[in-house]
Amino acid sequence: MEKMTSLKVNCWLQWLTVTLALLSGVPAMPVDVDRVCTAPSAAKYRLTFTGQWTQTAFPKHYPLYRPPAQWSPIIGVTHSSDYHIWQRNEYASNGVREFSERGEAWTLIKEVEAAGERIQSVYGLFSAPAVVGGTGQAITEFEVYARHSLLSFIVHIVPSPDWFVGIDSLNLCEGDNWIENVSIELYPYDAGTDSGFTFSSPNFETIPQDKITQITASFPSHPANSFYYPRLKHLPPIAKVSLTKIKNNQIFSLPIQPTQSNQIPSTNEIDRSLINTPLDCEVSVWSPWGLCKGQCGEKGVKYRTRYIHMHPANNGAACPPLEEKKLCIPDNCV
């Protein structure tokens, strides 16, 4: 009898899931009873975003001016499993497109609010101030609830065509407990909406739009890409996020605007600044051979040249010869 009752309950849950999905106009997500959070009440967390984007770790095309390397404000949500602000190997929404290309959050915020109203999947929306440098910290606080125990956020890499870092659906609940501390290293993603290769590339819309992909040391596999380091197996992390559960009697003062104080590197940041990613010299293809120079009846010589695209850094491979010559026979003799 208990087995029959359990079967009926499971069938009813599946029917309810499908019905709600049809009413809301979104596809149904499978109900995973084993992953249901049963933690008591709500929990509050302190989020610390730390930029680790240094010129020694990422020497290629490192932006020094107009604008220099920096980070946009953080846009984050706490939500349930039937919502994603962004997702790897899926298409970016219009809001994610605008945010990852220009750092404009208006459309993205409207999308989050609409999802909360339509399917009650979003519990809270939060933000943190920009980091006005490649390194530095931004701090904020947010709250999670048992039915909305997942955390997602996105930060635009400035400048960049459509690159960002972030987290998609990190579950802060384990059974009936909230996680106390977690630290995650962050790597760059491409939103799939702009085809620029370098940090300062002009707008070049991707048609048709690509899916969101993680950028690695070898992907995209084009020498012009600012993250292309073929000698590395993995890119060093470009940022880090730390989450700490706040006890009820803890009070923190949060910065509202970017300040000099939140640019001071922590001890871990100083350690990260010691990372030296080797950057090999990059040169152009050879020019065509020049004219053969020499006197009639004697062997002459002709030259071809190439130029430096990228100077080496951090003990990278030195530049090869930029000029080459070979013997020839003048062909302008009478």
Side-chain angles (χ1 to χ4, degrees), residues 17 26 29-52 71-90 93 95-96 99 105 108-109 111-113 115-129 131 137-155 164-187 189 212 214 237-255 262 266 268:
T17 303
V26 297
M29 297 294 289
V31 177
D32 189 346
V33 178
D34 294 334
R35 295 188 62 188
V36 171
C37 177
T38 56
S41 64
K44 197 168 187 178
Y45 282 86
R46 185 177 193 232
L47 181 152
T48 303
F49 173 87
T50 304
Q52 298 176 168
W71 302 93
S72 78
I74 298 171
I75 302 297
V77 293
T78 54
H79 57 94
S80 56
S81 60
D82 54 355
Y83 175 76
H84 295 271
I85 192 172
W86 67 273
Q87 196 172 10
R88 185 176 177 177
N89 297 327
E90 296 293 340
S93 66
V96 171
F99 188 75
L108 182 59
I109 291 173
E111 289 175 354
V112 173
E113 291 175 345
E117 293 172 0
R118 188 175 69 248
I119 53 179
Q120 283 76 52
S121 58
V122 176
Y123 177 69
L125 173 67
F126 65 88
S127 64
V131 177
Q137 292 185 335
I139 302 171
T140 189
E141 294 176 4
F142 63 90
E143 196 173 51
V144 286
Y145 182 64
R147 290 181 56 195
H148 302 83
S149 60
L150 305 182
L151 166 71
S152 296
F153 70 83
I154 184 170
V155 189
F164 67 91
V165 298
I167 284 178
D168 170 40
S169 302
L170 173 66
N171 196 345
L172 294 172
C173 179
E174 291 183 344
D176 57 358
N177 293 307
W178 294 107
I179 294 174
E180 292 291 332
N181 296 280
V182 63
S183 183
I184 299 174
E185 294 180 329
L186 304 176
Y187 299 88
Y189 281 87
I212 296 173
Q214 184 175 342
I238 196 170
K240 181 183 71 174
V241 64
S242 298
L243 303 164
T244 304
K245 186 174 176 290
I246 300 173
K247 297 178 181 178
N248 293 332
N249 59 352
Q250 283 183 298
I251 299 175
F252 293 98
S253 177
L254 301 178
N262 71 354
S266 64
N268 288 338

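The chain is numbered in sequence order, starting from 1.
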### Task
With sequence neighbours excluded, tell me which residues meet side chain to side chain donor-acceptor pair (under 3.5 Å) with R88.
Q214
### Task
Rounded to the nearest 0.5 Å, what's the gap from CD on Q52 to CD on E185? Could you check?
6.5 Å
### Query
How far does CD1 of I212 sit from CD of E90, to the nearest 0.5 angstrom?
8.5 Å
### Message
If the condition is side chain to side chain donor-acceptor pair (under 3.5 Å), which residues does Y145 pass it with, not counting sequence neighbours?
### Response
none
### Query
Which residue, W71, W86, Y187, forms the ring pair (Phe, Tyr, Trp, His ring centres under 6.0 Å) with F164?
W86
### Query
How far apart are the closest heavy atoms of V122 and A115, and which atoms are they?
CG2-CB, 4.2 Å
#### Entry: Qualifying residues under ring-ring contact (aromatic ring centres under 6.0 Å, His included), relative to F126, sequence neighbours excluded
F142
#### Entry: Stepwise side-chain hydrogen bond (donor to acceptor under 3.5 Å, both in side chains) check, E111 with S93
CA-CA 9 Å; E111 289 175 354; S93 66; 2.7 Å; yes
### Query
So do V144 and L151 actually touch side chain to side chain, heavy atoms under 4.5 Å?
no
#### Entry: E141 and L47, any side-chain heavy atoms less than 4.5 Å apart
no
## Note on the structure
Interatomic distance, CD@E113 vs CG@L108, rounded to 0.5 Å, equals 10.0 Å
### Minimum heavy-atom distance H148-T78, with the two atoms named
O-CB, 4.2 Å
### Message
Test of understanding: with salt bridge (Lys or Arg N to Asp or Glu O under 4.0 Å), list the residues that count as partners of E180, not counting sequence neighbours.
### Response
none
### Message
Quick check for you: to the nearest 0.5 Å, what is the distance between T244 atom OG1 and K44 atom NZ?
### Response
14.0 Å
### Task
Only counting residues at least two apart or in another chain, list the ones meeting ring-ring contact (aromatic ring centres under 6.0 Å, His included) with F99.
none
### Query
What is the minimum heavy-atom distance between S80 and D82, and which atoms define it?
OG-OD1, 2.5 Å
### Summary
CD1 (I179) and CG (L172) are apart, to the nearest 0.5 Å, by 5.5 Å
#### Entry: Worked verdict on I154 versus Y189 for side chain to side chain contact (heavy atoms under 4.5 Å, CB included)
CA-CA 10 Å; I154 184 170; Y189 281 87; over 6 Å; no
### Query
Residues in side chain to side chain donor-acceptor pair (under 3.5 Å) with E143, at least two apart?
Y123
### Qualifying residues under side-chain contact (heavy atoms from CB on, under 4.5 Å), relative to S127, sequence neighbours excluded
I75
### Query
By side-chain contact (heavy atoms from CB on, under 4.5 Å), which residues pair with A39, not counting sequence neighbours?
C37, C173, W178
### Task
Rounded to the nearest 0.5 Å, what's the gap from OG1 on T140 to CZ on F49? Could you check?
13.0 Å
### Query
Within a strict 4.5 Å, meaning less than it, do heavy atoms of the I139 and R46 side chains meet?
yes
### Query
For T48, does its backbone N or O pair with a side-chain atom of S242 as donor and acceptor, under 3.5 Å?
no
#### Entry: side chain to side chain donor-acceptor pair (under 3.5 Å) partners of S149, counting only residues at least two apart
N171
### Message
Holding to side-chain contact (heavy atoms from CB on, under 4.5 Å), I want the full list of residues that pass it with S152, two or more places apart in sequence or in another chain.
### Response
V77, H79, I85, D168, S169
### Message
My understanding is that only residues two or more places apart in sequence, or in another chain, count here; which of them pass side-chain contact (heavy atoms from CB on, under 4.5 Å) with I167?
### Response
F153, L170, I184, L186, V241
